[in-house]
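We name chains A, B, ... by the order of the sequence lines, and we start the count at 1 in each one.
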There are 2 protein chains.
Amino acid sequence: MDAPPAPRAPADGTRTRIVRAAAVLMQRQGYEATGIKRIAQDAGATLGSVYHFFPGGKKELAVEALRHGAQEFTDLLRTGLDSSDDPAEAVAECARLLARTLRDSDWTDGCPVAATALEFIGRSPAIQLASEEALGRWRELLAGKLGAAGISDEVARELACSVLSTLEGAELLCRVSASEEPLHIAGRHLARLIRSF
Amino acid sequence: MDAPPAPRAPADGTRTRIVRAAAVLMQRQGYEATGIKRIAQDAGATLGSVYHFFPGGKKELAVEALRHGAQEFTDLLRTGLDSSDDPAEAVAECARLLARTLRDSDWTDGCPVAATALEFIGRSPAIQLASEEALGRWRELLAGKLGAAGISDEVARELACSVLSTLEGAELLCRVSASEEPLHIAGRHLARLIRSF
DNA sequence: GTAGCACTAGAACGAACGTTCTATCAAGTA
DNA sequence: TACTTGATAGAACGTTCGTTCTAGTGCTAC
């Protein structure tokens, strides 16, 4: 048998493809608007495979997709933060990076948890917890950068919170208005705020 | 309030109840997770009434619900902004007001457009437009307050953008973590940022 | 009266949903 | 060979969805 890798199943594992497809779709349109059959189709998998890897069904897959998306967002944030020793400049770079990613993806690839999280406030502990963990990790990442620049722990933790709030909100504004402006403005204002401490 | 200027009889409690119920449900869990039958039930109306008043179906009702919720949020914002002549203090009061409203409603009554808007980025012009209009109105409201305090129009418009971004993002963090902290921190930081101009 | 209209009421429909089910394939083990 | 196990495949199930449809109510005007 002349055996090149099957065109149907690329090198990546089926499970990973399912998680990635779910993460992308949920990031774009939230949980409820995303059907399991569509996830399977986009992943090049079948329903049988989905339920084989995720016997807990859609909810279990959603939690995993949220974690996967959160990790990618963490990487993006880390890239921005590593761009400069000056935390103000580093945060501004995060805003620029986020704005570019958003525009290049037609305003779809933003925060991977926001849309889904808002659907489930007080309605699904598992999903709310996964969202909370992601936001908490990003906040600590930011606080670490600020603290490393000599800002006191207390101030750094609070600043990190506002930086995250502003980036999240500016991303919402960018996506709704299909414009990079809110994130660019946010970057400048956040840098100014950080430098004031 | 938006008294319907329609030539029809204003004795239309049912229509208003339907819009209000839809607004509440969509604010809490977004569009897709909100069923029309549930809306009718919560409004004390029937499906017949819903489709009588909204022949365009769920989408048409959603746009109206978004507008209704946006108006209520405008009122809340205006209340906060009117609380002080100092724009920094007024914005901080908005954050406090928002935090209290969130807590008192078990973290459900926040921005009425965020959840739904995120579901429809690039997928429904009508809903995206309604969301964009709401965010634009809030931004202008904030810019007006800042401009009235002597801040130049250009700076005021940009500041208003970041204030809105930060409040929106902080609200997301509050809801996910079931805590008032992000909004309280945001209020203090926004006041500091405004005073720096 | 009764004709007309705005509104209420909910049964019924087709489509889509998440899920379950059985069957099959491929590879490893004995 | 036969048996096991992880993974694939998709038909089928019951439910719920948004929507449509027909019937009925209450009110106003003639």
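Taking hydrophobic clusters as Ile, Leu, Val, Met, Phe, Trp and Tyr residues chained together by side-chain heavy-atom distances below 4.5 Å, B:Ile36 does not share a cluster with B:Met26. The hydrophobic cluster containing A:Leu118 also contains A:Val63, counting ILVMFWY residues as joined when their side-chain heavy atoms lie under 4.5 angstrom apart, directly or transitively.
Checking A:Thr34 against A:Gln29 by side-chain atom types alone, a donor-acceptor pair falls below 3.5 Å.
A:Ser131 is not listed as a side-chain neighbour of A:Thr116, based on a closest heavy-atom distance of 4.5 Å or more. A heavy-atom distance below 4.5 Å is found between the side chains of A:Ile18 and A:Phe54. B:Asp109 is listed as a side-chain neighbour of B:Gln27, based on a closest heavy-atom distance under 4.5 Å. Side-chain contact between A:Leu129 and A:Glu133 is present, with at least one heavy-atom pair separated by less than 4.5 Å.
Nucleotide D:dT8 holds its C1' atom 15 Å from the CZ atom of A:Phe54, rounded to whole Å. As a whole-Å value, the separation of B:Gln41 CD from D:dT16 C1' is 14 Å. Rounded to a whole Å, the NZ atom of A:Lys58 is 19 Å from the P atom of D:dT15. In this structure, B:Arg38 atom CZ and D:dG18 atom P are separated by 12 Å, rounded to whole Å.
Within the nucleic acid shown, B:Gly57 comes within 4.0 Å of sugar-phosphate atoms alone, with no base atom in reach, counting heavy atoms only.
Qualifying salt bridge (Lys or Arg N to Asp or Glu O under 4.0 Å) partners for A:Arg103, counting only residues two or more places apart in sequence or in other chains: A:Glu180. For the side chain to side chain donor-acceptor pair (under 3.5 Å) test, residues two or more places apart in sequence or in another chain that qualify with A:Thr74 are A:Trp138.
For the atom pair B:Leu77 CG and B:Leu141 CG, the distance stands at 5.5 Å (nearest 0.5 Å).
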Taking N or O atoms only and anything under 3.5 Å, show me the protein contacts with nucleotides 3-7 of chain D, one pair per line.
from, atom 1, to, atom 2, distance (Å)
D:dA7, OP2, A:His52, NE2, 2.8

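Scanning residues 24-36 of chain A for heavy-atom distances under 4.0 Å to DNA chain C yields A:Thr34, A:Gly35, A:Ile36.
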What is the per-nucleotide protein-contact pattern of nucleotides 11-16 of chain C, from the 5' end, where B denotes a base atom under 4.0 Å from a protein heavy atom, S denotes such proximity for sugar-phosphate atoms only, and - denotes neither?
-> ------
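Sequence neighbours left out, the pairs with a member in residues 186-197 of chain B that pass salt bridge (charged side-chain N to carboxylate O under 4.0 Å, His left out) are A:Glu158-B:Arg188, B:Asp86-B:Arg195.
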